[in-house]
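Residue numbers begin at 1 in each chain, while the letters A, B, ... track the order of the sequences. Predicted model only: the values in this text are computed from it and were never measured.
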Amino acid sequence: MTSYQRVTGMRDVLFDDQPYWRYILEKIQQTTDLFGYRRLDTPVLEQANLFIRGVGEGTDIVEKEMYLFEDRDGDYLALRPEFTAGIMRAYIENGLHTLPPPLRVWTTGPLFRHERPQAGRYRQHSQFDIEVIGEQDPAVDVEVISLAWHLFTALGFFGLRLYINSTGCPQCKPAYIQTLVDYFTQFAGKLPPDDQMRLKKNPLRILDSKEEATQPLLEHAPRITDHLCKECETHFSKLKSYLEAIDRPYIVDYRIVRGLDYYTKTVFEIKADGLGSQDTICGGGRYDGLIEELGGQPTPGIGFGSGIERYVIALRHLGVMPPPEPLPQVTVSYLGEAAKLVALKLAESLREANIGAQFTPGDRSFKAQLKAANRLNAKFAIILGENEINAGQALVRDMANSEQTPVDLTEVVSWLTERL
RNA sequence: GUGGCUAUGGCUCAAUGGUAGAGCACCUGGUUGUGGCCCAGGAGGUUGUGGGUUCGAGCCCCACUAGCCACCCCA
């Protein structure tokens, strides 16, 4: 065995996966262009306090999942576990509030969370992320969901489900949590240990519980949608009517409780098949208090993160094939040192003419070199031996029908251009 | 952080406690300079690591590490 191996939860993206990544990135670009979102990239490293403050001290991400370290200057840094806090930092730091609102941005790149890996979950993963900053109209909530849906449709997804909920706001959420605690406290004896913990630590999580004993209790548990304040109630009902206006089917799921502290009002998830138990490919919501929390002016915002590794898994499951990678259609083979020099030069000329060409190195037999052409699935193999060099020609072999045509060296580029 | 399963050539996997194998991939030959199919040959392993039991361990036991799956939680 090799002495070095991947760090736990990290993956190599090998050739079979790359066509998916290329395809996905291309569709992301097209979709964000279509909706008028602009790319904004932030560093992988931020001050750890940004996330502690932004994501929330009690969250799992901050409490037990962040990659933290002190750098050589003694600064306390974190590998970003999510995008939103960094983008809000960039928004504030670069004075982006001076741009005409709402600001629509997207980004992509690696995120890091020290979790236990499993299907569809890695310690380094990539997300496609969208943020709309500076607008509280539920119409942008719908726009963001629509953008996600558009992308998934363009990628060839089917069978996706959209779940929405409202998580309230600082006006109504605390009272609801109290109602919930009161409700479950009367059944505290019936709750499994995990849910007793949740009741104390994070009561909203009970809604999400998969414990069997808890399920019957959940049916009559108070729902946040019955306890929203006027403003949140209006926002949620408009969200639903706007979704209906664009014919986007949704499921109201009062159990959606997102794990980050900053969410207010709208939260949503999109789920796909084929992913095992980690089946959410897109999750997000509104964070109207976050920018102020991070030191900016009170500014509403909404966004989502969407796991690209999960796209690849789910697309495979659905049988969606990405376009194959474009490979060189020509190989250049030679026999003998004199021919090698000519071959090197010819391969160079072909590429200069924008014809994909691969030199077959190693002074191997023509047999081996043509084998390489075959493996590459090349359309043409150019053969340069002593005879060809003496005649100032190249032998161009059509790999499909094995026909070989002598072509003057000076004509090879134009000959191929006509036929590719 | 918890639990279950797993770990043998590059990959996928065999091997009643008794000489580590196959398929695929790779290289060479079968053609003085010609791919795919076929045939022949070759290279590639201290069986994840460290201990233990045994005359003898890939196989049994323990620990560690890693992977997979699930919980927690999330994308």
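- Between B/A75 and B/C71, the distance separating the two P atoms is 16 Å to the nearest Å.
- Closest contact between the side chain of A/Q118 and the listed nucleotides B/G33, B/A75, B/A70 involves B/A70.
- Taking the P atom of each, B/C74 and B/G3 are spaced 22 Å apart, rounded to whole Å.
- At a cut-off of 3.5 angstrom, counting only N and O atoms as typed in the model, there is no donor on one side facing an acceptor on the other between the side-chain of A/R205 and the base of B/C72.
- Counting only heavy atoms from C-beta outward, the side chains of A/E131 and A/M88 approach each other to under 4.5 Å.
- Rounded to whole angstrom, the span from the CE atom of A/M10 across to the C1' atom of B/G67 amounts to 15 Å.
- Where A/N374 and A/Q124 each meet RNA chain B at their nearest nucleotide, the meeting point lying more 5' is that of A/N374.
- Between A/Y263 and A/R11, it is A/R11 whose nearest contact on RNA chain B lies nearer the 5' terminus.
- A gap of 15 Å separates the P atoms of B/A15 and B/G9, to the nearest Å.
- In this model, no side-chain donor or acceptor of A/Q369 finds a partner on the base of B/U34 within 3.5 Å.
- As judged by a 4.0 angstrom heavy-atom cut-off over every strand, A/G9 is placed among residues touching the sugar-phosphate backbone only.
- Atom pair A/D363:CG and B/U28:C1' shows a separation of 16 Å (rounding to whole Å applied).
- A/E386 and A/Y334 form no side-chain donor-acceptor contact under 3.5 Å, judged by distance and modelled atom types alone.
- One interatomic measurement links the two molecules: CG of A/D194 to P of B/C73, which rounds to 8 Å at whole-angstrom precision.
- Counting non-hydrogen atoms under 4.0 angstrom, A/R375 reaches the backbone sugars and phosphates but no base.
- Using a 4.5 Å heavy-atom cutoff, the side chains of A/R364 and A/K371 are not in contact.
- Nucleotides B/U65 and B/G51 have their C1' atoms positioned 14 Å apart, rounded to a whole Å.
- One P atom belongs to B/G44, the other to B/G4, and the distance between them is 41 Å to the nearest Å.
- Looking at heavy-atom distances under 4.0 Å, A/A119 makes contact with sugar-phosphate atoms alone, never a base.
- Between the side chain of A/R80 and the main chain of A/L111, no donor-acceptor pair closer than 3.5 Å is present.
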Short N/O separations, protein against nucleotides 4-7 of chain B, under 3.5 angstrom:
none

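- A/T59 and A/D261 share no donor-acceptor pair across their side chains, judged by distance under 3.5 Å alone.
- Taking only distance into account, the side chain of A/Q404 never meets the base of B/G33 through a donor-acceptor pair shorter than 3.5 Å.
- Rounded to whole Å, the P atom of B/C55 lies 40 Å from the corresponding atom of B/C68.
- With B/U28, B/G67, B/C73 as the candidates, the nucleotide lying closest to the side chain of A/R364 is B/U28.
- Here, B/A57 and B/U46 have their C1' atoms 14 Å apart, quoted to the whole Å.
- Across all strands shown, A/L395 has heavy atoms under 4.0 Å from base atoms, whether or not it also approaches the sugar-phosphate.
- Rounded to whole Å, the distance from NE2 on A/H125 to P on B/C73 is 17 Å.
- Screening A/N374, A/T360, A/D363 against A/Q369 for a side chain to side chain donor-acceptor pair (under 3.5 Å) leaves a single residue, A/T360.
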- Message: Could you go through A/R397 and A/E403, starting from their C-alpha distance and side-chain angles, then the distance that decides it, and tell me whether this counts as salt bridge (charged side-chain N to carboxylate O under 4.0 Å, His left out)?
- Response: CA-CA 6 Å; A/R397 179 181 180 88; A/E403 275 174 29; over 6 Å; no
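- Checking B/C73, B/U28, B/C74 against the side-chain heavy atoms of A/A368 singles out B/U28 as nearest.
- Taking the ring axis of A/W415 as reference, the NZ or CZ atom of A/R419 stays within 45° of it and closer than 6.0 Å to the ring centre.
- Nucleotides B/U49 and B/C59 are separated by 11 Å at their P atoms, to the nearest Å.
- The interatomic distance linking A/K271 (NZ) with B/C73 (P) rounds to 13 Å, in whole Å.
- Remark: P of B/A70 and CD of A/Q278 are 7 Å apart, rounded to the nearest angstrom.
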- Task: Using Watson-Crick or G-U wobble pairs with both distances under 3.5 Å, give me RNA chain B in dot-bracket, 5' to 3', with [ ] for crossers and | for pairs to another strand.
- Result: (((((((..((((....[..)))).(((((.......))))).....(((((..]....))))))))))))....
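- Using modelled atom types, one finds a donor on one side chain and an acceptor on the other under 3.5 Å when comparing A/D182 with A/Q178.
- Remark: C1' of B/U32 and CG of A/N387 are 11 Å apart, rounded to the nearest angstrom.
- In this structure, CZ of A/R123 is placed 14 Å from C1' of B/C74, rounded to the nearest angstrom.
- Distance from the side chain of A/R121 is smallest to B/A75 among B/G30, B/C69, B/A75.
- For the residue pair A/S306 and A/Y311, a side-chain donor N or O sits within less than 3.5 Å of a side-chain acceptor on the partner.
- Taking every side-chain heavy atom of A/F366 into account, B/G33 is the closest of B/C73, B/G29, B/G33.
- A/N165 places a side-chain N or O within donor-acceptor distance of the main-chain N or O of A/I256, the cut-off being under 3.5 Å.
- A/D129 and A/T107 are not linked by any side-chain donor-acceptor pair at a separation below 3.5 angstrom, with hydrogens and angles left out of the test.
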